[in-house]
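Encoded as structure tokens, the structure appears first; notes follow it.
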Amino acid sequence: MNVNPQSLRSLQRLCGAGWRRLSSMQGGAMNVFDRSMKRKQKKWSSSLPDSDKYDYLKNEVGSRLADRIYDVSRTFPLALDVGCGKSHIAEYLSKDVIGRLFLTDISDSSLKKKKECEIPTHSVQADEEFLPFKENTFDLVFSSMSMHWINDLPGALRQIHQVLKPDGVFIGAMLGGETLFELRCSLQLAELEREGGFSPHISPYTAVTDLGNLLGQAGFNMLTVDIDEVQVHYPCILEVMTDLQGMGESNCAWNRKSLLHRDTILSAAAIYKEMYGSEDGYVPATFQILYMIGWKPHESQAKPAKRGSANVSFEDLSKLG
């Protein structure tokens with residue numbers, strides 16, 4: 001397929017714009033996502049008779065987040081999973097680490113399909129933006145693959161900070177700004193070629209550069225933010241879009257375009273294969289995962305030394321050895 005060079009240059013500038021910047025917000029929550037639509041999408045996906053076959057990405061990220069919980073090397077009598085879906089983390093954890101676990105999700109149908117685990121659990125239908133728990137309740141709060149659908153992410157982080165006990169820890173994973181860049185570019189380029197313009201089909205995601213600021217503004221300290229990637233290979237673009245629906249990860253932004261023309265989809269499929277396809281005929285879909293860890297302050301935590309308190313200079317250190 002021939003690609004118009006001017007259109008390609010436009011897409012190269014725009015395809016990197018798949019994130020939302022939050023660090024400059026001054027009060028007031030963003031209203032990017034239709035939360036009622038996201039509830040319907042999750043209900044539909046969990047009702048599929050073969051819904052488990054779409055859990056591979058959330059299970060993989062859940063296992064990686066569980067590894068980070070084990071790395072903390074302490075026990076947590078009471079923990080909270082925010083936006084748990086069908087509970088993709090607890091099955092990788094043991095009752096030796098977590099005494100009791102509260103599971104919350106915006107979709108009650110997802111909670112009813114929760115996976116079995118050895119930890120005693122309690123299910124509570126709740127929106128991630130409105131946590132119904134008292135202050136200083138939990139020793140650990142974690143969240144995987146749900147926070148990228150939150151409108152008021154700064155407010156949600158403040159609520160998580162509030163329900164944590166002092167010296168409690170929050171560990172989260174969410175999709176980052178480079179997620180599905182192959183799909184985004186292919187759809188936008190196809191629409192430019194076939195329709196003379198394009199609409200957003202992939203949800204905007206948070207940039208990694210914002211996470212540290214957001215966690216700090218929410219009151220967390222001893223912050224850790226890192227990036228990981230999961231790349232999945234599919235036969236073609238239609239399988240990518242089908243699996244996103246099955247995961248409950250379809251776009252729910254208010255400005256989404258509800259329908260794609262058949263010619264545009266066929267064009268996008270050809271562009272996808274031409275630009276990103278491998279020799280074996282498969283196409284990749286990249287999921288950028290942002291991991292974050294933040295602690296609620298407590299007097300027992302180690303504090304950085306005061307500026308100017310060092311008693312050895314760098315010049316002296318260079319003379320050693």
Sorted by chain and number, sequence neighbours left out, side-chain hydrogen bond (donor to acceptor under 3.5 Å, both in side chains) with Lys114 holds for Thr121, Ser123
Please, which pairs that meet salt bridge (charged side-chain N to carboxylate O under 4.0 Å, His left out) have at least one residue in residues 230-252, sequence neighbours excluded? Lys58-Glu249
Sequence neighbours excluded, which residues qualify as side-chain hydrogen bond (donor to acceptor under 3.5 Å, both in side chains) partners of Asn136? Lys296
Check the surroundings of atom NZ in Lys273: do more than 12 heavy atoms from other residues, nucleotides or ligands lie under 6.0 Å from it? yes
What distance separates Gln188 CD from Thr264 OG1, expressed to the nearest 0.5 Å? 12.5 Å
Below 4.5 Å, heavy atoms only, C-beta onward: do Ser45 and Met247 meet side chain to side chain? no
Stepwise side chain to side chain donor-acceptor pair (under 3.5 Å) check, Ser109 with Ser46: CA-CA 6 Å; Ser109 56; Ser46 62; 3.0 Å; yes
Where at least one partner belongs to residues 90-113, residue pairs that pass salt bridge (charged side-chain N to carboxylate O under 4.0 Å, His left out), sequence neighbours excluded: Lys42-Asp105
Say whether, by atom type as modelled, one donor and one acceptor occur between the side chain of Arg184 and the main chain of Thr179 under 3.5 angstrom. yes
Distance (rounded to the nearest 0.5 Å) between Leu78 CG and Leu101 CG: 8.5 Å
For residues 284-293, dump all side-chain donor-acceptor pairs below 3.5 Å to protein atoms at least two apart in sequence or in another chain.
| residue | atom | partner | partner atom | Å |
| --- | --- | --- | --- | --- |
| Thr286 | OG1 | Glu182 | OE2 | 2.6 |
| Thr286 | OG1 | Gln231 | NE2 | 3.0 |
| Gln288 | OE1 | Gly177 | N | 3.1 |
| Gln288 | OE1 | Glu178 | N | 3.1 |

Ser73: which residues meet the side chain to side chain contact (heavy atoms under 4.5 Å, CB included) condition with it, sequence neighbours left out? none
With sequence neighbours excluded, what pairs up with Ser144 under the side chain to side chain contact (heavy atoms under 4.5 Å, CB included) test? Val61, Leu65, Ile89, Ala173
Pairs touching residues 63-86 that satisfy salt bridge (charged side-chain N to carboxylate O under 4.0 Å, His left out), sequence neighbours left out: Asp52-Lys86, Asp55-Lys86, Glu60-Arg64, Arg64-Asp228, Arg68-Asp226, Arg74-Asp167
Verdict with supporting geometry, Thr75 and Val97, side-chain contact (heavy atoms from CB on, under 4.5 Å): CA-CA 5 Å; Thr75 58; Val97 175; 5.6 Å; no
Taking the side chain as every heavy atom from C-beta outward, state whether Pro235 and Tyr282 have any pair of such atoms under 4.5 Å apart. yes
Please examine the side chains of Phe76 and Ile69, heavy atoms only from C-beta on, and report whether any two atoms are closer than 4.5 Å. yes
From Met275 CE over to Cys185 SG, what is the distance, rounded to the nearest 0.5 angstrom? 6.0 Å
Which atom pair, heavy atoms only, marks the closest approach of Ser87 to Lys115? O-CD, 3.4 Å
With sequence neighbours left out, the residues meeting side-chain hydrogen bond (donor to acceptor under 3.5 Å, both in side chains) with Asp280 are Ser278
Is it true that Tyr70 and Val169 fall in one hydrophobic cluster, defined by side-chain heavy atoms closer than 4.5 Å? yes
Run the side-chain donor-acceptor check on residues 155-166: report pairs under 3.5 Å with partners two or more places apart or on a different chain.
| residue | atom | partner | partner atom | Å |
| --- | --- | --- | --- | --- |
| Gln159 | OE1 | Leu131 | N | 2.8 |
| Gln159 | NE2 | Glu129 | O | 2.4 |
| His161 | NE2 | Gly219 | O | 3.2 |

Check side chain to side chain contact (heavy atoms under 4.5 Å, CB included) between Arg262 and all other residues, then give those that pass, not counting sequence neighbours. Leu266
Residues which pass ring pair (Phe, Tyr, Trp, His ring centres under 6.0 Å) with Phe133, listed by chain and number, not counting sequence neighbours: Phe102, Phe138
Is it true that Met147 and Val124 fall in one hydrophobic cluster, defined by side-chain heavy atoms closer than 4.5 Å? yes
